[in-house]
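Comments concern the structure below.
So that the names make sense, note that chain A is the first sequence line, chain B the second, and so on, each numbered from 1.
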2 protein chains.
Amino acid sequence: MDKPGTRDNGHMATPSISHRLAEAAVALFDENGYDETTVDDIAARAGVSRSTFFRYYRSKEDAIFPDHDTLLAQVDARLRASTADTAIVAVSDAVRIVLAHYVADAEVSLRRYRLVGRVPALRDRENASVARYQRLFREFIGKWLAGTPDADLRAELMAASVVAAHNQVLRGWLRAGGTYDPSGPLDQALGYVIATFRHLERPQDGRDDVVVATFSRSASPLAVMEAIQGHLRPRPTGETGEKP
Amino acid sequence: MDKPGTRDNGHMATPSISHRLAEAAVALFDENGYDETTVDDIAARAGVSRSTFFRYYRSKEDAIFPDHDTLLAQVDARLRASTADTAIVAVSDAVRIVLAHYVADAEVSLRRYRLVGRVPALRDRENASVARYQRLFREFIGKWLAGTPDADLRAELMAASVVAAHNQVLRGWLRAGGTYDPSGPLDQALGYVIATFRHLERPQDGRDDVVVATFSRSASPLAVMEAIQGHLRPRPTGETGEKP
DNA sequence: ACGCAAGCGAGACTGAGTATCGTCTCAGTG
DNA sequence: CACTGAGACGATACTCAGTCTCGCTTGCGT
């Protein structure tokens with residue numbers, strides 16, 4: 001079931017075959033273009049046979065989107081490992097997992113980004129992946145909201161928004177060449193999404209306000225808490241109007 | 001540039017070749033499955049040669065998603081034919097155009113829905129189409145919001161939400177066997193979306209302020225959530241109720 | 001030393017998609 | 001009527017992705 005190359009021995013002196021194949025694929029795609037590169041070419045440059053290529057990757061496109069199933073499984077696991085109380089946290093964490101994965105391999109992510117931008121077939125492939133993530137989120141949120149009014153519609157909207165927020169942050173980061181840490185913007189974007197839907201949750205409650213918080217990673221927890229408390233109105237009378 | 005079969009002579013006594021091909025394709029897909037049906041089979045049943053099939057459809061999948069480019073062009077046209085004042089109307093109209101197109105051909109839509117549900121390759125294809133619609137909406141909304149704060153992020157979120165709303169309504173209608181008029185539910189769903197984002201449009205006019213904060217990853221999610229919940233409504237009745 | 005299983009190469013095969021060429025039909029023209 | 005040129009179709013060959021089978025080697029345990 002599991003392809004042998006899925007597990008990577010990145011520390012070996014002799015790079016693993018899957019590594020060599022991926023390297024060869026990306027290099028050839030860069031040099032000659034995607035359509036112009038055949039699987040034979042990739043295998044030849046990696047020094048293996050065509051058969052071996054298909055032992056490690058299900059398809060030619062798979063050579064560019066390896067660890068995708070792994071990532072999807074991680075997201076799924078993170079979502080499952082949560083109760084109703086922590087649903088929002090689970091979703092946020094899951095999204096962070098995905099973004100962190102891109103950031104961890106900025107080099108590869110950037111090359112892939114440029115490549116995907118030029119090849120429609122790969123764009124479609126990526127969209128298909130995004131849809132799978134969205135489906136995961138939709139099902140999770142759907143279960144979470146089960147029983148509430150408009151559960152299906154809201155689950156769909158929230159899932160789409162969460163994924164869209166991630167994509168927006170990711171694209172921005174990629175366009176900038178992966179030169180900064182996108183976790184701040186991601187938290188901000190997720191806060192935006194959460195705030196958006198929280199307005200719908202209790203639209204009539206009136207004056208009870210909502211605090212959605214996002215912190216920079218460098219901030220110490222204590223400073224964070226102080227900041228929050230500073231922005232909260234200790235007296236309902238006082239209009240502190242924050243708007244960070 | 002334009003494939004001959006794109007324009008349909010649906011009124012002819014002898015059905016057009018593109019019609020015969022599409023009929024043959026769907027019939028064979030239903031009978032023998034998608035992967036098991038070759039283009040030769042389709043062409044043979046339609047009484048034409050394999051060459052002719054590819055003259056009318058770019059690929060095997062195209063035989064199931066014909067008028068897709070047309071629909072995309074209609075959406076694009078509707079969006080372009082609008083000023084900033086009527087942006088919301090334009091978006092709503094564009095979505096309605098898409099849904100109406102499915103409803104107009106309920107028979108075909110239902111068969112395709114069942115087929116797509118069983119064939120992953122077709123699902124991916126459909127997701128790719130959805131992404132193209134979403135891109136259209138995103139670009140339109142992006143221009144519309146240009147200059148406002150967080151324009152890109154909001155455009156992305158709105159586009160995703162609009163498309164998600166459409167898909168949710170469409171899927172519900174398809175699952176029900178296309179037995180009712182979905183324009184009501186669609187309007188409702190779109191209203192939901194519009195209401196959602198309207199809350200964000202003017203965050204400052206109401207006195208209910210929003211504070212966005214970010215958390216360090218090192219902080220345990222549970223602790224963070226508890227902290228936030230502890231800081232929320234220090235005054236009111238108690239009522240911690242999550243689970244909206 | 002003897003299996004024995006896993007990893008790999010070789011090669012055949014199916015089928016999608018492309019390109020080229022030949023044929024036929026039909027419209028317009030003299 | 002004969003000629004001509006364009007468009008639609010069929011036939012064929014070709015490339016390449018993806019699948020499958022078989023046979024070889026290597027290494028590991030007994």
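The side chain of K60(B) lies closest to dG17(C), out of dG18(D), dG9(C), dG17(C). In the set dA11(D), dT19(D), dA16(C), the nucleotide with an atom closest to the side chain of S51(B) is dA11(D).
The nearest whole Å value for the distance from the CZ atom in F54(B) to the P atom in dC14(D) is 18 Å. Rounded to whole Å, atom C1' of dC16(D) lies 13 Å from atom CZ of F53(A). Regarding L28(A), its CG atom lies at a distance of 14 Å from the P atom of dC16(D), rounded to whole Å. Protein atom CD1 of I64(A) is 12 Å distant from nucleotide atom P of dA17(D), rounded to whole Å. The CD-P distance, from E61(A) to dC16(D), rounds to 17 Å in whole Å. Separating the CZ atom of R125(A) from the C1' atom of dG18(D) is a distance of 13 Å, rounded to the nearest angstrom. At whole-Å resolution of the value, CG in L21(A) and P in dG7(C) are 15 Å apart. Here dA17(D) presents its C1' atom at 15 Å from CD of E36(A), a figure rounded to the nearest Å.
Take the nearest nucleotide of DNA chain C for D40(B) and for V48(A): the residue whose nucleotide is more 5' is V48(A).
No N or O donor and acceptor, one from the side chain of R50(A) and one from the base of dG11(C), sit under 3.5 Å apart. Evaluation of atom-type donor-acceptor distances gives a pair under 3.5 Å for the side chain of R55(A) against the base of dG9(C).
Under a cut-off of 6.0 angstrom, the local environment of CD in Q188(B) is sparse, with at most 12 non-hydrogen atoms contributed by other residues, nucleotides or ligands. With a 6.0 Å radius and a threshold of 12 heavy atoms from other residues, nucleotides or ligands, R45(B) has its CZ atom above the threshold.
In this structure, P182(A) and L99(A) have side chains that are in contact, with non-hydrogen atoms separated by less than 4.5 Å.
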Review point. Run the side chain to side chain contact (heavy atoms under 4.5 Å, CB included) check on R125(B) and D124(A) step by step: do they pass?
Key: CA-CA 7 Å; R125(B) 167 84 175 206; D124(A) 291 350; over 6 Å; no
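The phosphate of dG7(C) (OP1 or OP2) has no side-chain N or O of Y56(A) nearer than 4.0 angstrom.
Relative to the ring axis of Y34(A), K60(A) places its NZ or CZ within 45° and under 6.0 Å from the centre.
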